[in-house]
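First up is the structure itself, then whatever we jot down about it.
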Amino acid sequence: MSKQSGTEALEPQRADDAADLALLADINRGDARALHSLYIKYYHRLLRFIHRVTGRLDSAQEVINDVMLVVWKDGKSFAGRSTVATWILGIAYHKALKLMEKSRRWTDRTAHVDFDEWSERFPDPEELSQVTEVQDLLEHGLRGLTSEQRAVVELTYFFGCSYEEIAAITNSPVNTVKTRMFYARQKLRKLLPELGKDEGAR
């Protein structure tokens with residue numbers, strides 16, 4: 001079977017963005033049904049992403065509503081310099097950070113935890129089932145990262161975003177994104193070898 005060309009591989013993404021652009025155009029004309037369609041399409045993606053960044057499910061649900069309100073009121077501000085998905089994730093990221101500035105209650109659970117000390121006390125992975133092990137290690141591992149580092153890990157491994165796309169979402173230089181990933185991998189290496197492994201070392 002022949003490999004897809006770079007252009008062919010981008011076709012699904014382009015088609016998806018075209019569909020989003022059509023919905024956004026309808027939203028800008030005041031079509032509430034189009035907003036509902038966009039909400040349904042992005043709800044679970046945004047819920048997972050915001051939950052990872054903030055560490056709080058209630059915050060994630062609140063931020064989703066805030067994001068969609070921005071889309072509804074300011075959809076015409078979309079300039080087309082990225083995909084609609086990147087634009088929406090960018091709004092979500094900055095809304096999440098602002099919400100965390102107002103309420104830091106969730107950090108009390110991890111503020112005084114020594115990550116290295118905790119990882120040494122964690123049960124032997126062989127004693128855990130594979131599914132439980134991955135889920136537990138992922139949850140605890142991500143709690144040892146900053147919100148910015150969690151966002152980079154989430155967008156890279158679970159959304160398939162490039163560093164350039166993450167830079168657009170977080171409004172950060174690409175080198176800053178790479179630095180955040182480097183330190184995130186350093187922290188995750190003890191608990192999640194596959195995430196902590198440097199891709200270039202393979």
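Just so you know, these numbers come straight off a predicted model, no measurement behind them.
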What are the two closest heavy atoms between [X] and [Y], and how far apart are they?
X: Thr86; Y: Glu165; result: CG2-O, 4.0 Å
X: Ala167; Y: Pro173; result: CB-C, 4.3 Å
X: Ala85; Y: Asp20; result: N-OD2, 4.3 Å

Backbone N/O of [Y] and side chain of [X]: donor-acceptor pair under 3.5 Å:
X: Thr156; Y: Val153; answer: no
X: Asp66; Y: Lys95; answer: no
X: Asp31; Y: Ala34; answer: yes

Check your understanding: Any link between Val63 and Leu69 through a network of hydrophobic side chains (Ile, Leu, Val, Met, Phe, Trp, Tyr) touching at under 4.5 Å?
Key -> no

Spacing of [atom1] belonging to [X] relative to [atom2] belonging to [Y], to within rounding of 0.5 Å:
X: Leu89; Y: Leu46; atom1: CG; atom2: CG; answer: 6.0 Å
X: Leu155; Y: Met181; atom1: CG; atom2: CE; answer: 9.0 Å
X: Ile50; Y: Arg45; atom1: CD1; atom2: CZ; answer: 12.5 Å
X: Lys76; Y: Asn28; atom1: NZ; atom2: CG; answer: 6.0 Å
X: Glu154; Y: His51; atom1: CD; atom2: NE2; answer: 10.0 Å
X: His94; Y: Ile169; atom1: NE2; atom2: CD1; answer: 9.5 Å

Review point. Under a 4.5 Å cut-off applied to non-hydrogen side-chain atoms, are Ile166 and Val174 in contact?
Key: no

Check your understanding: Heavy atoms, side chains only, cut-off 4.5 Å: are Leu35 and Met68 in contact?
Key -> yes

For [X], give me all partners under side chain to side chain donor-acceptor pair (under 3.5 Å), at least two apart in sequence or on another chain.
X: Arg29; answer: Asp26
X: Ser82; answer: none
X: Ser172; answer: Thr170, Arg180

Check your understanding: Between the side chains of Thr176 and Thr179, does any donor sit under 3.5 Å from an acceptor?
Key -> no

Check your understanding: Just checking, any donor-acceptor pair under 3.5 angstrom between side chains of Tyr163 and Asn175?
Key -> no

Check your understanding: Going by the angle between their ring planes, with limits at 30° and 60°, are Phe78 and Trp87 parallel, tilted or perpendicular?
Key -> tilted

Practice item. For the pair Tyr43 and Tyr39, name the ring-plane relationship: parallel under 30°, tilted 30 to 60°, perpendicular over 60°. Key: tilted

Point to revise | Axial cation check for Phe49 ring with Arg52, 6.0 Å and 45° limits | key: no

Exercise for review: Answer yes or no for Arg48 and Phe158: cation-pi contact, defined as NZ/CZ to six-membered ring centre under 6.0 Å and angle to ring axis within 45°.
Suggested key: yes

Check your understanding: What's the verdict on side-chain contact (heavy atoms from CB on, under 4.5 Å) for Tyr93 and Glu148, showing C-alpha distance, side-chain angles and the deciding distance?
Key -> CA-CA 9 Å; Tyr93 176 76; Glu148 291 83 2; 3.3 Å; yes

